[in-house]
Amino acid sequence: MQTVTPSQTCRHTTIRIDTEHPTQFIDLTSDLEGFVAASAIQSGLLNVQSLHTTAAIVVNEHDPLLLTDFAALLERLAPVDAVYRHDNITLRTANCALSEPPNGHSHCRSVLLGPTAALNVVDGELQLGRWQRVFLVELDGPRTRDVSLLLLGASR
């Protein structure tokens, strides 16, 4: 009797997204599911990472009213019109470009949400709950954004 040993493998890709609004929730779930399906990985872990300090990755429900509530919550926690030292170019000594727009609020919002999500892959499928979707959250748009996908696991 011959035993089939799964092989460990790694797959990577980057998704590029052009956002349209200052705050925007972009559902990445279908893209992620397609990436997992094409990989032939049966069990593993998919890491989803924003490559920007003013964009985040979150897992939640895709309900338009709820997404509006999230945007309103972010505005209450880190208002656009608040004073941020990051926005004062004359005070900054690091990572400063004179053409940079005032975006201290976007950085603060990003810290609250985080840049990554790690998702399980089981039986060749992304494991999400009934209502769960994966979003890139634009916090300083419109911009072009890159999301890195790294899938580690066993294939047959």
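Computed from a predicted model, the values in this text were never measured in an experiment.
Of the inter-residue distances, the one linking Leu46 atom CG with Arg11 atom CZ reads 13.0 Å to the nearest 0.5 angstrom. Note that OG of Ser50 is 6.0 Å distant from CG of Leu136, once rounded to the nearest 0.5 Å. Summarising the geometry, atom CD1 belonging to Ile26 is positioned 9.0 Å from atom NE2 belonging to His21; distances are rounded to the nearest 0.5 Å. In this structure, NE2 on His107 lies 6.5 Å from CG on Asp140, to the nearest 0.5 angstrom. The CG atom of Leu119 sits 10.0 Å away from the CD atom of Gln127 when rounded to the nearest 0.5 Å. To the nearest 0.5 angstrom, Phe35 atom CZ is 8.5 Å from Ile15 atom CD1.
Hydrophobic cluster membership is shared by Leu128 and Leu151, with clusters built from Ile, Leu, Val, Met, Phe, Trp and Tyr side chains linked at under 4.5 angstrom. A continuous path of hydrophobic side-chain contacts links Leu32 to Val59 [ILVMFWY only; heavy atoms under 4.5 Å]. Linking Ile, Leu, Val, Met, Phe, Trp and Tyr whenever their side-chain heavy atoms come within less than 4.5 Å puts Leu126 and Val147 in one cluster. Note on Phe70: it clusters hydrophobically with Leu113, by side-chain heavy-atom contacts below 4.5 Å among ILVMFWY residues. Note on Val36: it does not cluster hydrophobically with Leu152, by side-chain heavy-atom contacts below 4.5 Å among ILVMFWY residues.
Side chain of Thr13 to main chain of Leu149: no donor-acceptor pair is present (N/O by atom type, distance under 3.5 Å, no hydrogens or angles). Counting only distance, with no hydrogens or angles, the side chain of Ser155 and the backbone of Ala40 share no donor-acceptor pair below 3.5 Å. Side chain of Glu125 to main chain of Val121: no donor-acceptor pair is present (N/O by atom type, distance under 3.5 Å, no hydrogens or angles). Put simply, the side chain of Glu61 never gets that close to the backbone of Leu66: no donor and acceptor are under 3.5 Å apart. For the pair Glu75 (side chain) and Ala72 (backbone), a donor-acceptor distance under 3.5 Å is absent.
Annotation for Ser110 and Thr54: closest pair CB-CA, 4.2 Å, computed over non-hydrogen atoms. Of all the heavy atoms in Pro142 and Thr19, the pair that sits closest is CB-O, 3.2 Å. Minimum interatomic distance between Gly153 and Ile41 (heavy atoms only, all atoms of both residues): CA-CG2, 3.8 Å. For the residue pair Val80 and His105, the shortest heavy atom distance occurs at CG2-CD2, 3.6 Å. Nearest heavy-atom pair, Asp87 versus Gly104, reported as atom, atom and distance to 0.1 Å: OD1-N, 2.7 Å. In terms of heavy-atom proximity, His12 sits nearest to Ser148 at NE2-OG, 2.8 Å.
Two residues are said to be in side-chain contact when any heavy atoms from C-beta on lie closer than 4.5 Å; Val137 and Ile57 fail this criterion. Here the side chains of Cys108 and Tyr84 are in contact, with some heavy-atom distance below 4.5 Å. For the pair Arg133/Ser30, a side-chain contact is recorded, criterion being any heavy-atom separation below 4.5 Å from C-beta on. Residues His86 and Asn103 form a side-chain contact, since some pair of their non-hydrogen atoms from C-beta on lies under 4.5 Å apart.
Aromatic pair His62/Phe135: centroids less than 6.0 angstrom apart.
Ion pairing between Glu138 and Arg145 holds under the 4.0 Å rule for side-chain N and carboxylate O.
For the side chain to side chain contact (heavy atoms under 4.5 Å, CB included) criterion with Ile17, the lone passing option out of Leu28, Asp146, Thr144 is Leu28.
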Quiz item: After noting the C-alpha distance and the side-chain angles of Thr116 and Val48, does the key distance pass the side-chain contact (heavy atoms from CB on, under 4.5 Å) rule?
Solution: CA-CA 5 Å; Thr116 64; Val48 183; over 6 Å; no
